[in-house]
Amino acid sequence: MRLLLDEMISPAIAAQLRGRGLDVDAVKRDRPELQGLPDVDIVRRMTRERRAIVTSDVADFQPIHDRTLARGCEHSGMVFTDDAVLPRTRANIPLWVDALDAFLAEHRAQGALRNRVHHPA
């Protein structure tokens, strides 16, 4: 599975995961052309790239998920994070890296999250 870290998530996480051989991009450093785009456009682009989105913006992305499926369309998956579980601080970057590495190990197959959302515990 391939991931895109939404713009609120540190690009250092993506860099460290790539260092482990995983296909992870971050909007902030790797995909600046996505910065400021409407979330629905990001979902469409990531669907074409077969890349799931990691975001803490559940309030915006959950309705996109719901509308996408209601229209009979598809997306490549969404991983919803929670600051209570994975705080977005520099000190927690290793926690993020390990958590996403473990997540990707459990969801190796391309399309493993197709049309689904995942809420890590």
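Just so you know, these numbers use all the heavy atoms, side chains as well, and skip hydrogens, waters and symmetry mates. The structure presented is a predicted model; accordingly, all values stated were derived computationally and were not measured.
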Requested in this report: Report the C-alpha distance between V27 and M8 in whole Å, list the side-chain angles of each, state the deciding distance to 0.1 Å, and finish with yes or no for side chain to side chain contact (heavy atoms under 4.5 Å, CB included).
Outcome: CA-CA 9 Å; V27 170; M8 79 282 298; over 6 Å; no
**Report entry** Considering all heavy atoms, the nearest M46-S76 contact
**Finding:** O-OG, 3.6 Å
**Report entry** Check ion pair D25-R51 (N to O, under 4.0 angstrom)
**Finding:** yes
Query raised in the report: Is there a donor-acceptor pair under 3.5 Å between the side chain of Q110 and the backbone N or O of R50?
Result: yes
**Report entry** Side-chain touch L113/V79, heavy atoms, less than 4.5 angstrom
**Finding:** yes
Query raised in the report: Are any of the side-chain heavy atoms of L86 and N92 separated by less than 4.5 Å?
Result: no
Report task. Show your working on side chain to side chain contact (heavy atoms under 4.5 Å, CB included) between L69 and E74 and close with a plain yes or no. Result -> CA-CA 6 Å; L69 297 186; E74 296 188 344; 6.0 Å; no
Report task. Indicate if I13 and L34 have the same hydrophobic cluster label, given that clusters are the connected sets of ILVMFWY residues with side-chain heavy-atom separations under 4.5 angstrom. Result -> no
Report summary line: Rounded to the nearest 0.5 angstrom, the CZ-CG distance for R44 and L37 is 11.0 Å
**Report entry** Aromatic contact, F103 with H107 (centres under 6.0 Å)
**Finding:** yes
**Report entry** Minimum heavy-atom distance V58-P63, with the two atoms named
**Finding:** O-CD, 3.8 Å
Report summary line: Between I9 and V54 the two heavy atoms that sit nearest each other are CD1-O, 3.3 Å
Query raised in the report: Under 3.5 Å, is there a donor-acceptor pair between the side chain of R18 and the main chain of V24?
Result: yes
**Report entry** Side-chain heavy atoms of R20 within contact of Q16, under 4.5 Å
**Finding:** no
Report summary line: In short, V97 meets L17 closest at the heavy-atom pair O-CD2, 3.5 Å
Query raised in the report: How about L104 and L3: do any of their side-chain heavy atoms sit closer than 4.5 Å?
Result: yes
Query raised in the report: Roughly how far, to the nearest 0.5 Å, is the CG atom of D30 from the CG atom of L4?
Result: 8.5 Å
Query - Nearest-0.5 Å distance, CD of residue E7 to CD1 of residue I42 - result: 6.0 Å
Query - Non-hydrogen side-chain atoms of F80 and H118 separated by less than 4.5 Å - result: no
Requested in this report: Please check if the side chain of W96 supplies one atom and the backbone of S10 the other of a donor-acceptor pair under 3.5 Å.
Outcome: no
Requested in this report: Answer yes or no: does atom CZ of R114 have more than 12 heavy-atom neighbours from other residues, nucleotides or ligands under 6.0 Å?
Outcome: no
Query raised in the report: Do F61 and D66 have side chains that get closer than 4.5 Å, going by heavy atoms?
Result: no
Query raised in the report: Do R88 and D82 sit within salt-bridge range, that is, some charged N less than 4.0 Å from a carboxylate O?
Result: no
**Report entry** Pairwise distance CD(Q62) to OG1(T55) - rounded to 0.5 angstrom
**Finding:** 11.5 Å
Query raised in the report: Using 4.0 Å as the upper bound for N to carboxylate O, is an ion pair formed by E49 and R31?
Result: yes
Query - Contact check, side chains of H65 and H75, non-hydrogen atoms, under 4.5 Å - result: yes
Query raised in the report: Which atoms form the tightest heavy-atom contact between M1 and A52, and what is the distance?
Result: SD-CB, 4.1 Å
Query - Shortest non-hydrogen separation from D39 to D57 and the atoms involved - result: OD2-OD2, 3.5 Å
